[in-house]
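Input: a single structure, listed below in structure tokens.
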Amino acid sequence: MKKPSSPIASRQGDIIPLKEGLEALVKAYRLRGKLNEVTVVSSWERVMGKAVALKTQEVYVNQGRLFVRLSSAPLKHELVMAKTRVAELINAEVGEVVVKEVIFL
């Protein structure tokens with residue numbers, strides 16, 4: 001009998017750990033980039049804190065750039081001065097370099 005040639009081949013026939021199966025699906029459908037972008041947006045409040053999150057109107061990622069719309073001009077000015085640090089904190093949270101540039105609107 002021939003063994004399965006899929007990358008999801010397991011040690012016990014057709015049974016594989018859930019984590020391995022999900023990772024194989026993410027890889028097969030090339031969803032890693034989009035999942036990382038969603039993780040960046042969802043972790044904005046946790047990384048930047050409640051005070052910044054309350055002044056944030058919109059957060060989205062497009063082509064490696066993090067766009068953040070703020071309702072406070074003084075906060076925007078302060079964060080523009082620290083945008084490389086913001087990118088570092090966000091990327092550290094995700095565990096990969098997802099954000100190459102931060103743009104405050």
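- Val102 is not connected to Met81 by any chain of hydrophobic side-chain contacts under 4.5 Å among Ile, Leu, Val, Met, Phe, Trp and Tyr, and they are in different clusters.
- If you chain together hydrophobic residues whose side chains sit under 4.5 Å apart, Val99 and Leu89 fall into the same group.
- Contact annotation: the side chain of Val98 never approaches that of Ile90 to less than 4.5 Å [non-hydrogen atoms, C-beta and beyond].
- Note on Leu70: it clusters hydrophobically with Val80, by side-chain heavy-atom contacts below 4.5 Å among ILVMFWY residues.
- Under the 4.5 Å side-chain criterion, counting only non-hydrogen atoms from C-beta, Lys50 is in contact with Glu45.
- Sequence neighbours left out, the pairs with a member in residues 68-83 that pass side-chain hydrogen bond (donor to acceptor under 3.5 Å, both in side chains) are Glu58-Arg69.
- We find the OH-CG distance between Tyr60 and Leu105 to be 5.5 Å, quoted to the nearest 0.5 Å.
- Counting only residues at least two apart or on different chains, no ring pair (Phe, Tyr, Trp, His ring centres under 6.0 Å) pair has a member in residues 86-105.
- For the side chain to side chain contact (heavy atoms under 4.5 Å, CB included) test with Asn36, the passing option among Val94, Leu31, Val97 is Val94; the others fail.
- Residue Val61 comes nearest to Val41 through the heavy atom pair CG2-CG2, 4.3 Å, listed as atom of the first residue, atom of the second, then distance.
- When the side-chain contact (heavy atoms from CB on, under 4.5 Å) test is applied to Lys19, the partners found at least two apart in sequence or on another chain are Glu23.
- At least one side-chain heavy atom of Val52 sits less than 4.5 Å from a side-chain heavy atom of Leu79.
- Remark: Met48 CE to Leu54 CG distance equals 13.0 Å, nearest 0.5 Å.
- Of all heavy-atom pairs spanning Ile16 and Gly21, the tightest one is CD1-CA, 3.6 Å.
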